[in-house]
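Input: a single structure, listed below in structure tokens.
Below, chains carry the letters A, B, ... as their sequence lines are ordered, and counting in each starts from 1.
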2 protein chains.
Amino acid sequence: MSNHDPDLSLLFHALADPTRRAMLTRLAAGPAQVTELAGPTGLRLPTVMRHLAVLADAGLVSTAKDGRVRTCALNPQALAPIRGWLDEQRAIWEARLDRMDSYVLALMKDRKE
Amino acid sequence: MSNHDPDLSLLFHALADPTRRAMLTRLAAGPAQVTELAGPTGLRLPTVMRHLAVLADAGLVSTAKDGRVRTCALNPQALAPIRGWLDEQRAIWEARLDRMDSYVLALMKDRKE
DNA sequence: GTCATGGTTAGACATTTGGCTAAGTGTTGC
DNA sequence: GCAACACTTAGCCAAATGTCTAACCATGAC
């Protein structure tokens with residue numbers, strides 16, 4: 001079970017904020033510099049930088065500075081653990097449904113006898 | 001774009017905590033009462049109740065009280081919006097890759113001429 | 001009726017979060 | 001050189017989070 005995975009907590013926490021999700025969506029369309037990223041949010045630069053730090057911490061974006069401009073890019077494979085967790089949960093859930101199915105089948109069989 | 005969706009924020013926030021994820025995993029295997037849910041976490045009941053409230057708020061679990069025991073059950077379809085958002089992001093990302101592809105193809109064509 | 005059980009409410013507390021301003025630092029353009 | 005630009009750092013603040021204890025219902029078993 002991967003519930004104590006700090007990765008997952010960082011990822012989910014990073015995604016729990018609309019501003020950060022908007023930044024990711026913007027970056028999915030291609031790299032951008034910080035000011036460009038800040039524009040649509042209406043937030044001040046330091047605030048945006050902190051969101052950016054959260055995203056970077058979760059491994060969702062990587063940034064590099066060239067001259068005075070920092071360019072940010074999405075790391076799409078960083079979302080993989082989330083899909084993984086979702087699939088895990090679904091597997092458990094479906095295993096349970098299967099168990100219930102066979103239980104019900106057994107009950108019906110019993111009734112026929 | 002569904003980034004301002006409060007649902008998503010609630011969902012991601014609910015999933016950002018290992019304790020809550022563990023509770024969900026437990027519930028994926030079948031319903032449980034609160035004390036049962038609290039057991040493995042080592043946390044006090046009021047704390048667990050608050051986690052439960054967060055999960056319920058996100059629509060991830062539903063609970064009902066019968067006599068003095070409250071039974072909690074998973075709401076697996078509540079995870080759907082997350083898959084949806086993930087797919088959305090991937091679509092944007094892939095559209096971008098496609099654009100890059102055709103750009104490169106165009107470049108190569110130009111060079112041949 | 002009384003006592004244990006299972007949950008609930010209320011409040012306290014330290015930490016984290018999300019926002020800000022103000023004052024830097026390093027680059028680039030003229 | 002110097003001004004504008006693109007961050008960066010430091011520090012403030014209110015609100016939210018995750019935990020706890022202590023006291024309070026309500027139900028079920030005797």
Decide side-chain contact (heavy atoms from CB on, under 4.5 Å) for Met23(B) and Thr19(B); before the verdict, give the C-alpha distance in whole Å, the side-chain angles of both, and the deciding distance to 0.1 Å.
CA-CA 6 Å; Met23(B) 288 167 70; Thr19(B) 301; 4.2 Å; yes
Tell me the ring-ring contact (aromatic ring centres under 6.0 Å, His included) pairs involving residues 10-46 of chain A, sequence neighbours left out?
Phe12(A)-Trp85(A)
If you look only at distance, which donor and acceptor atoms sit under 3.5 Å apart when one is on a side chain in residues 70-81 of chain B and the other is two or more places apart or in another chain?
{"unit_1": "Arg70(B)", "atom_1": "NH1", "unit_2": "Thr63(B)", "atom_2": "OG1", "d": "2.8"}
{"unit_1": "Asn75(B)", "atom_1": "OD1", "unit_2": "Gln77(B)", "atom_2": "NE2", "d": "3.0"}
{"unit_1": "Asn75(B)", "atom_1": "ND2", "unit_2": "Ser62(B)", "atom_2": "OG", "d": "3.3"}

Interatomic distance, Leu52(B) CG vs dG6(C) C1' [rounded to whole Å]
13 Å
dT19(D), OP1 or OP2 - any side-chain N/O from His51(B) closer than 4.0 Å?
yes
Taking side chain as C-beta onward, heavy atoms only, is Ile82(A) less than 4.5 Å from Leu15(A)?
yes
Arg20(A) or Val34(B): which one's nearest nucleotide on DNA chain C is closer to the 5' end?
Val34(B)
Contact summary for Ala16(A) and Arg21(A), nearest pair of heavy atoms
C-NH1, 3.6 Å
Minimum heavy-atom separation for Leu27(B) and Ala32(B), please, with both atom names.
CD2-N, 3.8 Å
Out of dG18(D), dG6(C), dT8(D), which nucleotide sits closest to the side chain of Met49(A)?
dT8(D)
To the nearest angstrom, the CZ-P distance between Phe12(B) and dT17(C) comes to 17 Å
Using the side-chain heavy atoms of His13(B), tell me which of these nucleotides is nearest: dC7(D), dG18(D), dG19(C).
dG18(D)
Distance below 4.0 Å between Thr35(A) side-chain N/O and dC7(D) OP1 or OP2
yes
Can you tell me how far P of dT5(C) sits from CD of Glu36(B), to the nearest Å?
17 Å
Neighbours of DNA chain C within residues 56-70 of chain A, by heavy-atom distance under 4.0 Å:
Gly67(A), Arg68(A)
Taking only distance into account, with no hydrogens and no angle test, what donor-acceptor pairs under 3.5 Å do side-chain atoms of residues 36-58 of chain A form with protein atoms, sequence neighbours excluded?
{"unit_1": "Glu36(A)", "atom_1": "OE1", "unit_2": "Gln33(A)", "atom_2": "N", "d": "3.2"}
{"unit_1": "Glu36(A)", "atom_1": "OE2", "unit_2": "Arg26(A)", "atom_2": "NH2", "d": "2.8"}
{"unit_1": "Thr41(A)", "atom_1": "OG1", "unit_2": "Ala38(A)", "atom_2": "O", "d": "2.5"}
{"unit_1": "Thr41(A)", "atom_1": "OG1", "unit_2": "Leu43(A)", "atom_2": "N", "d": "3.1"}
{"unit_1": "His51(A)", "atom_1": "ND1", "unit_2": "Arg20(A)", "atom_2": "NH1", "d": "3.1"}

Check DNA chain C against residues 40-48 of chain A and give the residues with a non-hydrogen atom under 4.0 Å, in numerical order.
Leu43(A), Arg44(A), Pro46(A), Thr47(A)
N or O in side chain of Arg50(A) less than 4.0 angstrom from dT9(D) OP1/OP2:
no
Could you state the atom-to-atom distance from CD of Gln33(A) to C1' of dT28(C) in whole Å?
13 Å
Check side-chain contact (heavy atoms from CB on, under 4.5 Å) between Arg83(A) and all other residues, then give those that pass, not counting sequence neighbours.
Leu86(B), Asp87(B), Arg90(B)
